[in-house]
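Numbering starts at 1 and runs along the sequence shown.
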Amino acid sequence: MALEMGRRMEAFVADLMTSARSELPELTEDERMAGLLEASIVEDVIAAINFLGDAVGESDIRVPAAVRSFLRVLAQRDVSITVVIRAYRMAHTDFVDQAMRFALTLGRDASAPTIIALVNRTALWIDRMLEQVSEAYEEERDRWVSSRSGLRRQWVDTLLTGSGAEIHHAEQALGYRLDTFHLAVAAWLDESVSARDAVTLFDETRTLLAKQLGATGPPLMVPADEREVELWVPLRRGGPLDVEAMESVLAEQGLDVRLALGDAERGEGGFRRSHLQAARARRVALACAVSRQRVVAYAQITPLALMTEDVDALRGFVGRMLGDLAADDERDAWLRETLLTFLSCGRSYTATAEAMHLHRNTIQYRLQQAAERLGHEFEDPATVLDIQLALQACRWLGSTVLGGREDS
């Protein structure tokens with residue numbers, strides 16, 4: 001039985017990840033979380049299979065290292081333990097279901113005792129595992145909340161939810177004034193950066209942002225978890241951001257960090273609005289097809305950020321507007337980029353050729369091919385706007401939204 005479940009492990013893990021994305025979005029809110037979840041599922045399944053095959057005794061049941069890492073992040077992000085328990089129950093049900101299906105193929109004499117042993121053994125494993133998982137989660141949660149970072153996180157969460165915190169108490173606890181303009185920033189580390197270097201790197205990032213943006217005081221920085229932080233930079237006024245300059249400064253300083261920026265907004269309400277904008281920009285940045293893009297500002301991608309609230313619907317929209325041009329291949333990528341540049345340049349062949357450093361004839365040839373694959377005319381302004389939005393989605397999100405044409 002254990003050997004057969006080992007053979008089915010890859011498909012089993014894939015099925016669980018699909019279920020988690022649809023039923024437990026708290027555990028897969030971004031690709032980093034999804035990656036941690038998948039790693040923990042793999043180690044849990046291996047541990048369960050070893051226990052099922054008597055390779056591990058009851059007294060040796062231990063929470064795997066990958067699961068502890070995931071629990072630490074969940075506790076820091078204030079994801080409820082009930083969600084974790086639900087995930088384990090869901091996985092246990094699916095595991096037993098698949099194992100029973102196999103046991104029924106063994107024949108009447110073998111299947112009944114096999115199923116009885118399976119139910120008893122897996123029930124014992126899930127009970128012991130949930131005891132340890134709950135203890136590990138609560139220990140991390142207590143440690144996090146009792147730390148200075150955890151207390152700051154609680155005050156910030158109170159402000160973000162608008163649950164009636166007295167402003168002056170929040171300002172005193174956080175050492176940050178709310179009667180000013182705030183620019184919220186989500187910052188996270190490249191995977192190549194070790195967690196041990198995170199504190200130093202985030203401190204350098206905070207200092208750099210304050211200098212680059214002309215902060216009126218020290219930025220407020222609170223951790224989301226060990227590899228991500230949220231910042232608010234106090235400013236005298238709002239206004240457009242020079243994203244390219246910030247990209248250049250990050251490169252010059254060699255900071256392996258990525259940033260998503262909100263708009264500068266004023267007051268307590270602005271504190272919340274800018275944070276929401278930065279979170280939406282971060283979602284686009286995580287799905288960004290342009291891997292070199294280290295800084296993404298909400299102002300750059302506002303319509304797209306709103307549209308990514310429902311990626312499946314966005315993929316369908318791209319497919320409907322671009323037709324065959326929504327294919328996920330290099331040739332169509334050239335055609336899409338040429339068409340987007342052409343529309344952005346006021347449909348000027350000369351300006352497009354100059355912007356792309358190509359010959360005018362090349363531009364005309366590409367646009368002719370793009371029009372044939374697109375299946376739309378450019379007479380209706382509303383249609384042209386929709387096409388531009390779809391092309392922008394392709395530029396930023398790439399394969400995430402490509403290949404979404406609906407069959408007619």
Side-chain angles (χ1 to χ4, degrees), residues 14 18 21 30-31 34-35 190-191 243-244 247 251 258 260 281 283-297 300-408:
T18 299
R21 288 183 187 277
D30 56 52
E31 288 310 309
D190 287 347
E191 291 300 323
V243 174
E244 291 185 3
E247 285 266 8
R258 297 183 67 189
R283 184 173 58 245
V284 174
L286 288 172
C288 184
V290 186
S291 59
R292 294 184 298 277
Q293 192 87 18
R294 305 194 66 77
V295 182
V296 176
Q300 291 177 292
I301 42 84
T302 301
L304 184 58
L306 297 174
M307 293 168 77
T308 53
E309 294 286 348
D310 188 339
V311 174
D312 288 337
L314 178 56
R315 187 182 301 112
F317 169 75
V318 168
R320 288 192 300 275
M321 297 313 304
L322 302 187
D324 292 336
L325 198 58
D328 189 6
D329 58 48
E330 187 174 2
R331 173 175 172 270
D332 281 304
W334 292 340
L335 299 181
R336 286 192 299 271
E337 189 63 25
T338 304
L339 179 57
L340 179 57
T341 305
F342 176 69
L343 295 175
S344 301
C345 290
R347 306 192 204 183
S348 168
Y349 293 102
T350 301
T352 304
E354 291 175 355
M356 301 190 71
H357 306 290
L358 294 171
H359 194 277
R360 178 188 171 101
N361 291 343
T362 302
I363 297 298
Q364 289 178 317
Y365 175 69
R366 285 189 183 182
L367 291 172
Q368 181 182 356
Q369 289 185 306
E372 291 174 357
R373 294 182 63 73
L374 188 67
H376 285 292
E377 299 294 333
F378 298 111
E379 303 305 322
D380 179 20
T383 299
V384 172
L385 177 59
D386 284 346
I387 291 171
Q388 286 183 284
L389 286 172
L391 291 170
Q392 286 282 8
C394 294
R395 172 185 279 181
W396 282 90
L397 303 178
S399 59
T400 302
V401 296
L402 290 170
R405 189 183 188 188
E406 298 176 352
D407 294 333
S408 56

From the list V318, T400, L325, side-chain contact (heavy atoms from CB on, under 4.5 Å) partner of C394 resolves to V318
Could you walk me through whether M356 and E337 pass side chain to side chain contact (heavy atoms under 4.5 Å, CB included), step by step? CA-CA 9 Å; M356 301 190 71; E337 189 63 25; 4.2 Å; yes
Minimal non-hydrogen separation, A285 against R258, with atom names: O-NH2, 2.9 Å
Is there side-chain contact between W396 and V401, with at least one heavy-atom pair below 4.5 Å? no
Looking at CD of Q369 and CG of L335, how far apart are the two atoms once the value is rounded to the nearest 0.5 Å? 5.5 Å
Which atom of A281 lies closest to which atom of A297, heavy atoms considered: CB-C, 4.4 Å
To the closest 0.5 Å, what do you measure between NE2 (H359) and OH (Y349)? 14.5 Å
Hey, is the main chain of D324 close enough, under 3.5 Å, to the side chain of R373 for a donor-acceptor pair? yes
What's the verdict on side chain to side chain contact (heavy atoms under 4.5 Å, CB included) for Q392 and M307, showing C-alpha distance, side-chain angles and the deciding distance? CA-CA 11 Å; Q392 286 282 8; M307 293 168 77; over 6 Å; no
What one should report as the nearest heavy-atom pair of L314 and A393 is CD1-CB, 4.3 Å
Go through it in stages, so that I can follow the logic: the residues are L339 and L374, the test is side chain to side chain contact (heavy atoms under 4.5 Å, CB included), and I'd like the CA-CA distance, side-chain angles, deciding distance and then a yes or no. CA-CA 10 Å; L339 179 57; L374 188 67; 4.1 Å; yes
When rounded to the nearest 0.5 Å, the distance separating CZ of R347 from OG1 of T352 is 11.5 Å
Reported CZ-to-CZ distance for the pair R395 and R336, which is rounded to 0.5 angstrom: 11.5 Å
Just do the side chain to side chain contact (heavy atoms under 4.5 Å, CB included) check on I387 and L322 with the steps written out, would you? CA-CA 7 Å; I387 291 171; L322 302 187; 4.2 Å; yes
Where A326 and L402 come nearest, the two heavy atoms and their spacing: O-CD2, 3.4 Å
Distance from L358 atom CG to Q364 atom CD, nearest 0.5 Å? 12.5 Å
What pair of heavy atoms forms the shortest contact from A353 to I363, and how long is it? CA-CG1, 3.7 Å
Taking all heavy atoms of V284 and all of A305, pick out the closest pair and write down the distance. CG2-CA, 3.8 Å
Spacing of CD belonging to Q388 relative to CG belonging to L385, to within rounding of 0.5 Å: 6.5 Å
